[in-house]
Amino acid sequence: MSPSPRRTPRGSSRDRTPAQGHRRVRVGRHLSIAAALVAVVATAVTMSTATGTLALWNDSIEIPDATIEVGSMGLTIATGSSSAPAGQTTVLLGAQTWATMLPGDVVGVPITLTNPGTVPVQVSAALDSAAAGQSDATIWLQQGACPAAGTAGIRLTDQAQQVPGTSLSGDGTLCLQVALSSQIPAARQGTTIVPAFTLTFTAAAERTP
């Protein structure tokens, strides 16, 4: 009895046609190539992002011949409308300036402030507390020439107030006024109404927006 022919197990390579086997190999190659392309694209995107960030933070620009200088400011004072002598920070107004005042009178005197520096300044002024606290007279200050009648500007107190309109670069003329109350009794004739008072000016550098 001759031996029976050997059966080939199902699913073995002998049942496959060459075309089928070749097709499976090609599909496998396509998958491998696709995976490689994805990896390459991802790498390219990452490198592009990194390069863009590096370029952003490495931009630069030059300012040729840039020089920074420190400005200067100061404040000197004089009576009248002439420039204040360099370094003069105190002036005296004699008592005779207001010696002939009557109740209700207003007398003004010009004073000049000078800023010898390169930076414009804003000027503030304040009275001493004794002069600011009395009620027989009020003391006023304004920028510019003294008015023909009445008071103008700011009424001075013992708190520093900025003088309106003073952006001082060089010379600036101000008017200091004393206004005597009209309610002073006749018995006060020939007496001192306002004792010697001190007016203090301060200057601060003007700020630009």
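Heavy atoms only: backbone and side chains are in, while hydrogens, waters and symmetry mates are out. As the structure is a computational prediction, the values presented were derived from the model and not from experiment.
Proximity of Thr76 to Thr114: side-chain heavy atoms (C-beta onward) are separated by under 4.5 Å at one or more points. Within the 4.5 Å cutoff, no side-chain heavy atoms of Ser181 are placed close to those of Ser135. Side-chain contact check for Leu156 versus Phe197: every heavy-atom pair is 4.5 Å or farther apart. Taking 4.5 Å as the limit, every side-chain heavy atom of Thr79 sits out of range of all side-chain heavy atoms of Val109. Side-chain contact between Leu113 and Leu75: present, with at least one pair of heavy atoms (C-beta onward) separated by less than 4.5 Å. Using a 4.5 Å heavy-atom cutoff, the side chains of Leu93 and Leu176 are in contact. Within the 4.5 Å cutoff, no side-chain heavy atoms of Arg188 are placed close to those of Pro103. In this structure, Leu141 and Phe201 have side chains that are in contact, with non-hydrogen atoms separated by less than 4.5 Å.
Distance check, rounded to the nearest 0.5 Å: OG of Ser124 to CD of Gln161 gives 8.5 Å. The distance from atom CD1 of Ile154 to atom CD of Gln143, rounded to the nearest 0.5 Å, is 11.5 Å. A distance of 9.5 Å separates CG in Leu174 from SG in Cys146, rounded to the nearest 0.5 Å. Note that OG of Ser129 and CD of Gln134 are 11.5 Å apart. Values are rounded to the nearest 0.5 Å. To the nearest 0.5 Å, atom CD1 of residue Ile139 and atom CZ of residue Arg155 are 9.5 Å apart. To the nearest 0.5 Å, atom OG1 of residue Thr157 and atom CG of residue Leu127 are 7.0 Å apart.
Considering only residues two or more places apart in sequence or on other chains, Thr173 meets the side-chain contact (heavy atoms from CB on, under 4.5 Å) condition with Ser81, Pro110, Thr112.
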* Asked: Please walk me through it: do Val178 and Thr97 pass side chain to side chain contact (heavy atoms under 4.5 Å, CB included)?
  -> CA-CA 10 Å; Val178 173; Thr97 306; over 6 Å; no
* Give the intermediate values and the outcome of side chain to side chain contact (heavy atoms under 4.5 Å, CB included) for residues Val106 and Trp140. => CA-CA 10 Å; Val106 177; Trp140 299 73; over 6 Å; no
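Judged by distance alone, the side chains of Ser169 and Asn115 never bring a donor and an acceptor atom under 3.5 Å apart.
Checking side-chain atoms of Gln88 against main-chain N and O of Val91 turns up no donor-acceptor pair under 3.5 Å. With hydrogens and angles ignored, the 3.5 Å screen pairs a side-chain donor or acceptor of Gln177 with a backbone N or O of Gly150.
Minimum heavy-atom separation, Ala78 to Ser83: CB-O, 4.2 Å. Here the closest non-hydrogen pair linking Ala203 and Met73 is O-CE, 3.7 Å. The minimum heavy-atom distance between Pro85 and Ile77, with the atom names listed, is CD-O, 4.3 Å. Between Val119 and Gly71 the shortest heavy-atom distance is CG2-CA, 3.9 Å.
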